[in-house]
4 protein chains.
Amino acid sequence: MPPQEINGFEARRQRRIARKHARIMKSAAQVFAAKGYRTTTTREIARAADMAEGTLYNYFAGKREIFLSIVEEVLAALLELLEDVGQLETRADVVAFVEMLFDVLSTKPASIRTLVMEAWVDDLILQDLLMERIVSIMAQVEGFIAASIVEGKFRPMDSRLATRMLFGMFAGLVLPVLRGMEAPPAPPERHAMAEAAVNLLMEGIQLRDE
Amino acid sequence: MPPQEINGFEARRQRRIARKHARIMKSAAQVFAAKGYRTTTTREIARAADMAEGTLYNYFAGKREIFLSIVEEVLAALLELLEDVGQLETRADVVAFVEMLFDVLSTKPASIRTLVMEAWVDDLILQDLLMERIVSIMAQVEGFIAASIVEGKFRPMDSRLATRMLFGMFAGLVLPVLRGMEAPPAPPERHAMAEAAVNLLMEGIQLRDE
Amino acid sequence: MPPQEINGFEARRQRRIARKHARIMKSAAQVFAAKGYRTTTTREIARAADMAEGTLYNYFAGKREIFLSIVEEVLAALLELLEDVGQLETRADVVAFVEMLFDVLSTKPASIRTLVMEAWVDDLILQDLLMERIVSIMAQVEGFIAASIVEGKFRPMDSRLATRMLFGMFAGLVLPVLRGMEAPPAPPERHAMAEAAVNLLMEGIQLRDE
Amino acid sequence: MPPQEINGFEARRQRRIARKHARIMKSAAQVFAAKGYRTTTTREIARAADMAEGTLYNYFAGKREIFLSIVEEVLAALLELLEDVGQLETRADVVAFVEMLFDVLSTKPASIRTLVMEAWVDDLILQDLLMERIVSIMAQVEGFIAASIVEGKFRPMDSRLATRMLFGMFAGLVLPVLRGMEAPPAPPERHAMAEAAVNLLMEGIQLRDE
DNA sequence: CATGAATGAGTCTTCATTCAT
DNA sequence: GATGAATGAAGACTCATTCAT
């Protein structure tokens, strides 16, 4: 059997495995999001993925590993996006960025809901997976704000506090979608929301005489 | 036996019961906050409250009832405060109000963390205990913002979005405390945070020429 | 303090104790009869006897001892009656005897129902408390039948089988009362039943030409 | 895969399940009969059926369902037999019928002992499972006796009482077997017992001059 | 003596994981 | 690789018994 043949088989096998992985993770994320990690049984995951319970264990070491894979995947997507937060310059940049965030959140709401849920409960998840990266991103944002203040573009303020409030503000916007109380906004609506959010953040709530 | 005697016995008994209730709820809230409702075992609650497992059942009908009592208690405290949200008028009012919220959150962080956690997972908790009341409070705030826009005090904006962002902003501030990542701020710090938060909300992040 | 005084106190104490014993046994028999021994809780017994759970243990060593006392008491009453089974001679004697049995069964249906129930399940109860005495009584009856056959008063038959059927026949009559499906028959009715029972037993069901 | 193959798999699966059901029910009936429903633990049932405790729950929803299945099964067997009670005409019919009853009782003594036990304690079992059907059968027998009296075949008597005594008589015969005090009679013995029973019932105990 | 709160062993049941087919 | 039956550890809850008041 020529090597390329072997590779062909091997590649096909890899693809089959990847497909199963994806199927399991997607199904599991749905159930996790709906019921919580602990309350979800492997039986439910298997049923949702339309396979036998035992089959799960051919692709993942266990329930926890399925969960971790989901979380890692969505984190990777989020972090890839957030990496570029340092590059933002114009207001349009920021609006576009917020829109993209909406986009990610709308694409994988189940995974993100699951991630948030466990990070809220499980110290290991929070520490090992999230904290380091979030801290780094928040530091970038905070640095950006601090610099803008020095440059005279932003008002003097506690940049740390401002960063937190900024993240919270954004979270407040997307929370009903994540929690499953509202459908994700359609793209045009998404743009309007991003505009409004950035606007409110920049200008404040109060009308000022000019 | 004179009636005051009877009342004396009965009253003492009531107090003893109330003390146990409080002890159990406090211990349980700690464990729930640290591990989540489902992951917490009655054995752990009993150990935390320094009593036998069976004793819990002399005071609560079951694990779920302990949890619900904790949640109801903290909700009552929160809602009592939030009820007055309609009365706020001056900027100082708002700052004071935010400070008081900080205060409540700092007093019972375990209970609130537990409440948030379960509301995030359990639809019944969210619907039956939270939504109705939160919706009403948000409606008040939204109405206030809308009115202020009409009066020309606030800039024209989507009042619904603004309300959400406002709640999110505040949540962003207190989240590290709730999550147990930071100690609650001391009262003077608390005032500074409240000032900064209200300031950022009102004036926006951006410096504007006057 | 003169001895008769002491005796007076002592006697009164004994009577008080006896009264409590009776109260507990009566109440317990009711609950046992209604729910079965295992299903009945000491809490229910205490409630039925209108006292605290702990008080039971001042009068009985435990739940099992309460039950055994009930059983012993009713057994004593039954056996006292059955002792005389050897003396029966005329048909009127037998009818009177059956009536008296009805009487005992009607007086303490709860206790008897309890006894039967446990004897049906618990080998120790059956062996230690019942078998010896029942066997002895059945032996008497069987002997009586055998003798009557020899004397030419009864038809030739398997006297062992006949004895069993006789006891079973009687059991069939009282079972609905014991099981609590029917009220105990009033005395006149009782007499009629006894007459009919003895009649059927003696003469058989079938009409015979004379 | 050809359809007969599918059916083959499915049929084999069904048979495997049926075998396990039978194994569990048989083992459980033994333990129930020996100790009573309430006193029997699922651990004991599992041990008796030589499987893990959890496995029980792959085949029955719970302990109660195991019990109910046992009861329903034996009831079905009994009732199928008793249905024909109305067809009996000659004395030989009756004797044959009694023999068949012996047969059923000897086949599943544990199940019947369990059934009787719980019907004695549990009102729901008695009412929902037994009474309706037993009442109907007793009514048939009673009607038969009453008719025979009218026809002049039986002596005048209280047919209701006679029915009860008849059932009791039969119960008295089989009770030692059911209670596990005696081995079931071998078939020839069985015939003799049936003969004797019917004879005694028909002719009575007393010798009468002809 | 009476009380009833405290105890913890023992119950039924669930479910992640293994493994024979 | 896929299956799903078997496993048994772990969990919520009950209740007979003890004991301080």
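Chain naming here is simple, since letters A, B, ... match the order of the sequence lines and numbering starts at 1 in each.
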For a quick check of understanding: with a heavy-atom distance under 4.0 Å over all strands, which category does [X] fall into, base, sugar-phosphate or nothing?
{"X": "A:Tyr59", "answer": "sugar-phosphate"}
{"X": "A:Arg38", "answer": "nothing"}
{"X": "C:Arg64", "answer": "nothing"}
{"X": "D:Thr41", "answer": "sugar-phosphate"}
{"X": "C:Thr39", "answer": "nothing"}
{"X": "A:Ile17", "answer": "sugar-phosphate"}

### Aromatic plane relationship, A:Tyr59 with A:His21 - under 30° parallel, 30 to 60° tilted, over 60° perpendicular
perpendicular
Got [X] and [Y] here, is their nearest side-chain heavy-atom distance under 4.5 Å?
{"X": "A:Val121", "Y": "A:Met117", "value": "no"}
{"X": "A:Arg179", "Y": "B:Leu126", "value": "yes"}
{"X": "A:Thr42", "Y": "A:Ile66", "value": "no"}
{"X": "C:Val31", "Y": "C:Thr41", "value": "no"}
{"X": "D:Ile125", "Y": "D:Phe67", "value": "yes"}

### Query
In whole angstrom, what separates B:Leu56's CG from F:dA12's C1'?
11 Å
### Query
Roughly how many Å is it from CZ in D:Arg13 to P in F:dG4, rounded to a whole number?
8 Å
## Note on the structure
Between A:Gly62 and D:Glu65, the residue closer to the 5' end of DNA chain E by nearest nucleotide is D:Glu65
#### Entry: 5′-ward residue of the pair D:Asn58/A:Gly54 relative to DNA chain E
D:Asn58
### Message
For F:dC15 and C:Lys63 - does any side-chain N or O of the residue sit under 4.0 Å from the phosphate oxygens OP1/OP2?
### Response
no
### Message
Between B:Thr42 and F:dA12, is there a contact of a side-chain N or O with OP1 or OP2 at under 4.0 Å?
### Response
yes
### Query
Using Watson-Crick and G-U wobble pairs whose two distances are both under 3.5 Å, how do you write the pairing of DNA chain F as dot-bracket, with | for links to another strand?
.||||||||||||||||||||
### Task
Name the residue closer to the 5' end of DNA chain F, choosing between A:Met51 and C:Tyr57 according to the nucleotide with the nearest heavy atom.
A:Met51
### Task
Starting from the 5' end of DNA chain F, give me the residue, C:Ala61 or A:Glu53, whose nearest nucleotide shows up first.
A:Glu53
### Task
Using ring-ring contact (aromatic ring centres under 6.0 Å, His included) as the criterion, list what pairs up with A:Tyr57, not counting sequence neighbours.
none
### Query
Between the side chain of D:Trp120 and the main-chain N/O of C:Arg113, is any donor-acceptor distance below 3.5 Å?
yes
### Message
At a heavy-atom distance below 4.0 Å, which nucleotide of DNA chain E is the first touched by chain A, and which is the last?
### Response
E:dC15 to E:dT18
### Query
Checking B:Lys63 against B:Tyr37: charged group under 6.0 Å from the ring centre and within 45 degrees of the axis?
yes
